[in-house]
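What follows is a short report on a single structure.
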Amino acid sequence: MFRDEVITRVFGSLYELCEATAQQIVNEAAKAMYTKGNFSLVLSGGTTPRKVYQFLSTLHRDEIDWEHTFLVFGDERLVPPDHAESNYRMVKETLLDHISIPEANVLRINMDAENPCEDYARRIREVFALRNGEFPKFDMTLLGMGEDGHTASLFPKSPALQERESIAISVHAAGAAISDRVSLTLPAFNNSRMIIFLINGTNKAKVVADVFDNPDCNYPAKNIKPLDGELYWFLDLEASALLTSIV
Ligand code: 6PG
């Protein structure tokens with residue numbers, strides 16, 4: 001059952017949710033540095049994680065060894081890097097501009113490449129020294145969920161949900177403001193050691209209740225289950241409002 005596989009935490013406000021997430025990132029980074037000397041974090045786009053990135057670049061800036069941290073984009077929209085809808089722009093403004101991290105450690109999805117999806121998968125394989133067909137083992141992955149149950153750029157009914165071999169995939173999300181995108185795939189996300197969904201606001205209450213309490217619901221977000229890792233859902237009070245119970 002979904003509820004048995006997820007650790008759910010409900011916070012009084014978005015502020016508290018984001019501070020707890022930033023703190024958990026600091027803790028996981030420290031553990032990863034201690035055990036293997038580096039830390040990889042997959043970043044979610046959207047609006048919810050902005051404050052997490054701001055906390056990381058201010059309050060917690062000196063608590064992470066950025067030199068040995070890899071920041072990996074979970075998805076990107078087909079727009080230039082300075083576009084209002086660019087996930088890279090959002091992360092740059094809230095985090096990258098304020099920390100000292102080697103450029104080579106930031107794995108962004110380059111939409112100017114001839115084939116952005118191939119280019120991104122190749123870059124990930126190079127940085128993490130993977131053979132063709134191998135998936136990276138990210139230490140931690142942040143994800144959000146849209147009101148239609150999409151996560152990263154994996155949208156309901158998309159053929160991208162069937163992808164089992166590639167690390168990244170090109171997506172056409174009819175209906176989304178920016179419909180052409182690149183996303184990591186389900187097997188790439190599910191290979192993470194820890195995944196945290198960050199969900200806030202009344203507009204997400206219905207879709208959260210569906211994921212947790214409707215056994216027939218099969219939204220893309222519900223297909224995120226680490227093969228061998230921990231799954232957290234961090235909700236604010238508003239997003240949790242329609243749940244039958246918290247545990
Ligand atoms: C994207 C995101 C997407 C996002 C959800 C929730 O780039 O669009 O990765 O999956 O996380 O749409 O977005 P909000 O946090 O803005 O609600």
Side-chain angles (χ1 to χ4, degrees), residues 11 13-18 20-22 41-56 71-96 107-111 116-117 120 138 140-158 160-161 167-186 188-190 192 195-211 219-224 231-241:
F11 299 90
S13 63
L14 175 64
Y15 186 96
E16 287 170 48
L17 184 159
C18 290
T21 307
L41 174 65
V42 179
L43 303 172
S44 166
T47 52
T48 313
R50 291 181 64 98
K51 218 168 236 349
V52 174
Y53 305 148
Q54 282 162 349
F55 282 136
L56 289 177
L71 297 176
V72 181
F73 280 75
D75 72 321
E76 185 57 280
R77 299 102 185 252
L78 183 55
V79 291
D82 56 354
H83 190 279
E85 292 287 334
S86 161
N87 284 338
Y88 174 73
R89 185 197 56 82
M90 184 272 279
V91 173
K92 181 174 181 302
E93 289 177 1
T94 51
L95 178 61
L96 303 176
L107 281 83
R108 80 176 181 94
I109 306 174
N110 179 7
M111 291 303 196
C117 174
Y120 193 46
F138 298 124
M140 198 169 172
T141 290
L142 304 180
L143 284 169
M145 177 174 66
E147 287 173 52
D148 59 355
H150 82 263
T151 188
S153 285
L154 301 172
F155 286 79
K157 301 196 169 79
S158 165
L161 296 167
I167 295 173
I169 190 155
S170 302
V171 173
H172 181 79
I178 306 286
S179 48
D180 288 312
R181 298 163 174 235
V182 169
S183 182
L184 295 182
T185 57
L186 285 175
F189 284 123
N190 285 336
S192 305
I195 297 178
I196 308 186
F197 275 90
L198 313 176
I199 319 276
N200 91 298
T202 312
N203 59 326
K204 302 284 174 69
K206 167 85 175 65
V207 66
V208 167
D210 265 347
V211 168
Y219 289 135
K222 208 171 169 180
N223 294 305
I224 297 283
L231 175 62
Y232 289 84
W233 279 62
F234 282 7
L235 312 171
D236 77 342
L237 272 177
E238 292 177 347
S240 71

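Keep in mind it's a predicted model, so treat the numbers as computed, not measured. Side-chain atoms are counted along with the backbone in the values below, which use heavy atoms only and exclude waters and symmetry mates. Just so you know, ligand 1 is whichever comes first in the structure, and atom 1 is the first atom listed for that ligand.
Between the side chain of S86 and the backbone N or O of D82, no donor-acceptor pair lies under 3.5 Å. In terms of modelled atom types and a separation under 3.5 Å, the side chain of N87 and the main chain of R108 share no donor-acceptor contact. No donor-acceptor distance shorter than 3.5 angstrom exists from the side chain of T151 to the backbone of M145, with no hydrogens or angles considered. Here the side chain of E238 pairs no donor or acceptor atom with the backbone of N200 at under 3.5 angstrom.
Aromatic pair F234/F11: centroids less than 6.0 angstrom apart.
Contacts between T47 and ligand 1 below 4.0 angstrom, taking non-hydrogen atoms only, involve backbone and side chain alike. At a heavy-atom distance under 4.0 Å, only backbone atoms of T151 (N, CA, C or O) approach ligand 1.
When the options T48, N87, L43, I199 are ranked by their closest heavy atom to atom 15 (O) of ligand 1, first place goes to T48. Closest to atom 12 (O) of ligand 1 by heavy atom, among H150, M145, E85, is H150. When the heavy-atom distances from atom 10 (O) of ligand 1 to S44, A152, G144 are ranked, the shortest goes to A152.
In this structure, the protein non-hydrogen atom closest to atom 8 (O) of ligand 1 is R77 NH2, 2.7 Å. For atom 9 (O) of ligand 1, the closest non-hydrogen atom of the protein is D75 OD1, 2.9 Å. Scanning the protein for heavy atoms near atom 13 (O) of ligand 1, the closest one is G46 CA, 3.8 Å.
Remark: ligand 1 atoms within the under-4.0 Å shell around heavy atoms of G45 are 2 (C), 7 (O), 9 (O), 11 (O).
Using a 30° and 60° split on the angle between ring planes, H150 and F155 fall in the parallel class, below 30°.
Heavy-atom separations between K204 and ligand 1 include at least one value shorter than 4.0 Å. The closest approach between any non-hydrogen atom of E147 and ligand 1 is not below 4.0 Å.
Just one residue in the list V42, L96, L107 forms a side-chain contact (heavy atoms from CB on, under 4.5 Å) with L71, and that residue is L96.
Taking 4.5 Å as the limit, some side-chain heavy atom of P220 sits within range of a side-chain heavy atom of P156.
Checking only distances, R181 does come within under 3.5 Å of ligand 1, N or O to N or O.
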